[in-house]
Asks: 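Questions regarding the structure given below will be posed in turn.
Residue numbers run from 1 in the order of the sequence given.
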Amino acid sequence: MKLRCLLVALCFGVGALAGKYTRELNEPKPSDGGGGSDGHPVEFRIAKLNQVWEKAKRLQLSPVRQAELHSDLKIQEKDELQWKKVKVEGLDEGGEKEAQLRRSFNVILAKYGMDGKRDTRPLESNHLKDHDTNEGDAFDDPRLDKLWNKAESSGKFSNEELLSLKREFQHHKDKTHEYNILMDTVSRTEEIHKNVISSLEGDAKEHVLHQKHTDLKQKMRDLNQGFERLRKLSHEGFTEDSEFREPRVIELWEAAKRTNLSEDELDSLKEELRHFETKVEKHSHYQEQLALSHQKLRHVESLGDKEHIRRNQEKYETLAEKTREMGYKMKKHMQDLSNKISQEGLQHNEL
């Protein structure tokens, strides 16, 4: 009898420890100044996001890439915490939002080379992109390279316009890369979903798969429209009535014009996009300063003056934190604008 009681007590003890470990793993406590078990600050409230962040630091991604990753993980954290509340209220029965979040997380892993697949792309450097591309092979896409070389040699563009055009080309290249990642993620998970479909949940799973393909088709349409814009720009140059300079803002504006929004609504949105463009330009400036600060820090470290190193390290860390913060706010603002445009356009199309 005593032995049985001892076994029961042990089982309860192990169960309690396991439950405690699981809670602590998934909800890191901000105790002791927000630190983890090793004394380092916990960046995110979700364990898997902290694991990705720690791995990124071990991989020594360039400062700008680290700042971009941090912003993406912050957006992912916000969306996942919101989804947890929605799930508790029973508003994601089909699992559509959960599947979307899983895709977004997988895209982040692949985008920064942390999905376990061998990344054949060239390693990121800390040099600014505008001064670090090989002529004739700037965009890893023969169509884009051909358009760029034609535009660059046409004489239609000033130096400032060429920089703006190059940002658009780079943005299109990045979007193409993200589309390929998403397509690969969908194809790898589709078979898994199909294999677990039961007669009871078949409709829900099929709906999720349909939504994935709908997302892919929309992204492909966006890519085609983006390439057509680049083709037109390369041949005709910028017009005097060009509304915006930043590629992400141009993309939002072009999407808004394809909806049935009224002139007054478009004017209101245009003003909001101007404010957003200022935020994007400010963030780009901070990214450039962060890359330069990192180069300076490496140079100072090679000289060995500890006090000089400490001062530059503090400046660099402050700049990195500011860049991450601005990156999150900029991406959150872009997400809100994109949702606003798609929702308002949908409402008008349904009228």
Side-chain angles (χ1 to χ4, degrees), residues 61-65 67-69 72 107-108 110-115 117-187 216-240 242-255 258 277 280-281 283-285 287-288 291-292 295 334:
L61 296 181
S62 72
V64 171
R65 289 282 281 174
E68 284 288 290
L69 171 62
D72 285 340
V107 166
I108 290 173
K111 181 178 175 183
Y112 295 95
M114 288 184 285
D115 59 345
K117 298 182 70 177
R118 185 168 179 268
D119 195 349
T120 57
R121 288 167 294 146
L123 292 174
E124 285 282 338
S125 74
N126 290 313
H127 296 290
L128 303 184
K129 288 183 178 178
D130 286 341
H131 308 289
D132 194 39
T133 50
N134 295 323
E135 188 173 353
D137 189 28
F139 305 106
D140 303 329
D141 182 337
R143 295 191 309 165
L144 289 180
D145 289 331
K146 184 178 178 180
L147 276 182
W148 170 251
N149 290 333
K150 184 171 183 178
E152 193 175 28
S153 60
S154 67
K156 295 178 181 177
F157 301 92
S158 65
N159 290 336
E160 185 178 348
E161 287 174 333
L162 273 176
L163 286 176
S164 295
L165 184 62
K166 193 168 192 176
R167 285 199 299 271
E168 288 207 45
F169 271 77
Q170 183 64 45
H171 180 63
H172 187 84
K173 172 187 170 181
D174 293 342
K175 284 184 67 66
T176 302
H177 178 57
E178 289 189 18
Y179 171 81
N180 290 333
I181 289 172
L182 183 59
M183 186 168 62
D184 183 54
T185 301
V186 169
S187 64
L216 280 172
K217 287 177 183 177
Q218 181 58 51
K219 288 183 182 300
M220 176 53 76
R221 279 195 293 269
D222 291 343
L223 281 175
N224 289 335
Q225 287 162 349
F227 181 80
E228 182 57 28
R229 171 181 164 78
L230 289 177
R231 189 194 64 77
K232 186 176 180 182
L233 275 178
S234 300
H235 285 82
E236 301 175 9
F238 289 96
T239 59
E240 291 185 3
S242 295
E243 300 287 349
F244 303 103
R245 299 175 300 278
E246 287 294 330
R248 282 169 285 198
V249 184
I250 292 169
E251 186 177 46
L252 289 170
W253 178 239
E254 293 295 327
R258 291 195 294 271
E277 184 170 57
V280 174
E281 290 173 339
H283 176 242
S284 296
H285 171 73
Q287 285 185 315
E288 292 177 0
L292 291 171
Q295 291 174 25
M334 183 172 178

Asks: Without swapping roles, check the side chain of Glu246 against the backbone of Glu281 for a donor-acceptor pair under 3.5 Å.
Replies: no
Asks: Glu251 pairs by salt bridge (Lys or Arg N to Asp or Glu O under 4.0 Å) with which of Arg258, Arg167, Lys175?
Replies: Lys175
Asks: I want to check something: taking the side chain as every heavy atom from C-beta on, are Met114 and Leu69 in contact at a cut-off of under 4.5 Å?
Replies: yes
Asks: Nearest 0.5 Å, what's the OG-CD1 distance between Ser164 and Ile250?
Replies: 7.5 Å
Asks: For Leu230 and Leu144, work out which heavy atoms get closest and say how close.
Replies: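 Of all heavy-atom pairs spanning Leu230 and Leu144, the closest is CD1-CD2, 3.9 Å.
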Asks: For Met334 versus Leu252, what's the shortest heavy-atom pair and its separation?
Replies: CG-CD1, 4.2 Å
Asks: Taking atom CD of Glu243 and atom CD of Glu277, what is their separation to the nearest 0.5 Å?
Replies: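 One finds 10.0 Å between CD of Glu243 and CD of Glu277.
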Asks: Can you list the residues that meet the side chain to side chain donor-acceptor pair (under 3.5 Å) rule with Glu168, with sequence neighbours excluded?
Replies: Arg229
Asks: Could you tell me which residues satisfy salt bridge (Lys or Arg N to Asp or Glu O under 4.0 Å) with Arg248, sequence neighbours excluded, listed by chain and number?
Replies: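 Not a single residue meets the salt bridge (Lys or Arg N to Asp or Glu O under 4.0 Å) criterion with Arg248.
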Asks: Hey, could you give me the OG1/CG distance between Thr176 and Asp222, rounded to the nearest 0.5 Å?
Replies: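 One finds 11.0 Å between OG1 of Thr176 and CG of Asp222.
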Asks: Can you name the closest pair of heavy atoms from Asp72 and Tyr112 and give their distance?
Replies: OD2-OH, 2.7 Å
Asks: Mind checking whether Phe139 and Trp148 have parallel, tilted or perpendicular rings, split at 30° and 60°?
Replies: perpendicular
Asks: Does a side chain donor of either Arg221 or Gln218 reach within less than 3.5 Å of an acceptor in the other side chain?
Replies: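 Judged by distance alone, the side chains do pair up.
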Asks: Is Lys111 salt-bridged to Glu68, going by a charged N under 4.0 Å from an acidic O?
Replies: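 No, Lys111 and Glu68 are not salt-bridged.
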Asks: Do Phe227 and Leu147 make a side-chain contact, defined as non-hydrogen atoms from C-beta onward lying under 4.5 Å apart?
Replies: yes
Asks: Using a 4.5 Å cut-off on heavy atoms from C-beta on, say whether the side chain of His235 contacts that of Lys150.
Replies: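 Of all side-chain heavy-atom pairs linking His235 with Lys150, at least one is under 4.5 Å.
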Asks: Shortest non-hydrogen contact from Leu162 to Ala151?
Replies: CD2-O, 4.4 Å
Asks: List the steps and the verdict of side-chain contact (heavy atoms from CB on, under 4.5 Å) for His177 and Ile181.
Replies: CA-CA 6 Å; His177 178 57; Ile181 289 172; 3.4 Å; yes
Asks: Does a side-chain N-to-carboxylate-O contact under 4.0 Å join Lys173 and Asp141?
Replies: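 Salt bridge flag = no for Asp141 with Lys173.
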Asks: If the threshold is 4.0 Å, N to carboxylate O, is there a salt bridge linking Glu228 and Arg231?
Replies: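 Looking at Glu228 and Arg231, the cut-off is met.
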Asks: If the plane angle is over 60° it's perpendicular, under 30° parallel, otherwise tilted; pick one for Phe238 and Phe157.
Replies: perpendicular
